[in-house]
Amino acid sequence: MSEIEEEIAKKYNFFKQFDTVEDFSDHHYAKTSVGKARKEWAKRIQHEWSLLEKDLPALIYVRVSENRMDLLRAVMIGPQGTPYHDGLFFFDAQFPASYPATPPLVYYHSGGLRLNPNLYACGKVCLSLLGTWQGFSCEKWNPAQSTMLQVLISIQALVLNEKPYFNEPGYERYANSPEGLWSALDYNDTTFQHSCRTMLYSLRRPPQHFEDLVAGHFRERGRAILAACKFYMEGHEVGSKVPEEDEDKKENQDGEGSSSSSVALTQQNKPALRANRNASFKPNLEVLFEELLMEFNVKGADTAKFRAQKLKNQQAAA
């Protein structure tokens with residue numbers, strides 16, 4: 001087992017942010033041909049590759065095909081502080097024969113889940129830049145200036161954000177109202193559950209050419225994801241900072257034999273718990289937690305703490 005874990009870690013550490021592969025047999029657009037490539041078209045695609053290789057931001061990984069220049073696959077790691085944190089979100093793209101006169105086609109691997117107003121359960125990516133949503137002229141595709149890199153950065157920055165509820169057209173007007181904020185928190189709860197389910201899909205059937213990234217990422221981040229699940233089940237907001245284990249220990253030590261004023265101060269520093277949360281949130285997340293625990297354990301993630309707690313609970317119940 002240790003040899004397998006070492007191999008997973010090695011492949012993950014050497015996984016390039018941008019690389020070329022031979023083919024994409026499981027690509028969403030694999031069976032859609034763009035016909036014979038024009039010289040100008042191929043030259044533009046190579047320029048896109050160059051930009052991606054040089055300027056990809058952190059948390060985005062891309063693979064392009066040598067045999068099918070029209071195909072591209074990208075994965076984004078969900079940013080911290082959002083309901084998408086630590087998740088993997090896969091996108092397949094195709095440069096049409098008319099590119100760059102028309103924008104690329106982009107498909108999101110949703111698993112049938114809608115975890116953002118811009119990402120449909122059918123795989124549609126709703127973005128002005130892609131021509132799949134109306135927008136101001138400055139937001140639309142410009143053949144002379146727009147790039148695939150710009151598309152990926154837009155999805156990362158505009159879609160995978162802290163309060164995706166307000167991405168829904170017209171909802172931004174409620175951003176500062178109590179009702180709007182409550183709705184945004186509920187939406188984040190649902191989004192995180194969908195994100196956890198998406199993690200399971202990726203673990204059980206990783207998209208082609210990203211197997212090493214999936215295994216290594218969840219091996220490295222599995223413990224943090226499980227800790228977040230526990231933290232949220234205790235009543236904390238999804239996306240809020242999960243205390244490090246060292247902080248928890250220090251807090252417990254400080255509480256033993258300390259004055260009542262210092263204990264009160266420690267309690268004040270703790271984030272407030274959510275009120276009026278949907279009753280199904282905790283039991284649903286408990287089920288997802290158990291499934292994730294099993295999958296992360298197989299990948300070699302540090303799950304000892306959670307397995308020990310599970311055993312302790314089972315013994316207590318017996």
Polar side-chain atom of Asn284 near backbone of Ser280 as donor-acceptor pair, under 3.5 Å:
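Yes.
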
Check for a donor-acceptor pair, side chain of Asp86 on one end and backbone N or O of Ile225 on the other, with a separation under 3.5 Å.
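Flag not set: sc Asp86 to bb Ile225 has no pair under 3.5 Å.
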
Pairing donors with acceptors under 3.5 angstrom, does anything connect the side chains of [X] and [Y]?
| X | Y | answer |
| --- | --- | --- |
| Gln94 | Asp70 | yes |
| Gln208 | Ser25 | yes |
| Tyr108 | Asn116 | no |
| Glu162 | Thr82 | no |
| Glu237 | Tyr232 | no |
| Asn161 | Asn167 | yes |

Please check if atom [atom1] in [X] has more than 12 non-hydrogen atoms from other residues, nucleotides or ligands closer than 6.0 Å.
| X | atom1 | value |
| --- | --- | --- |
| Arg38 | CZ | yes |
| Glu234 | CD | yes |
| Tyr171 | OH | no |
| Asn313 | CG | yes |

Arg68 with Asp23: basic N within carboxylate O range, under 4.0 Å:
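Result for this pair is no, no salt bridge flagged.
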
Salt bridge Lys299-Glu5, side-chain N to carboxylate O under 4.0 Å:
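No, no charged N to carboxylate O under 4.0 Å.
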
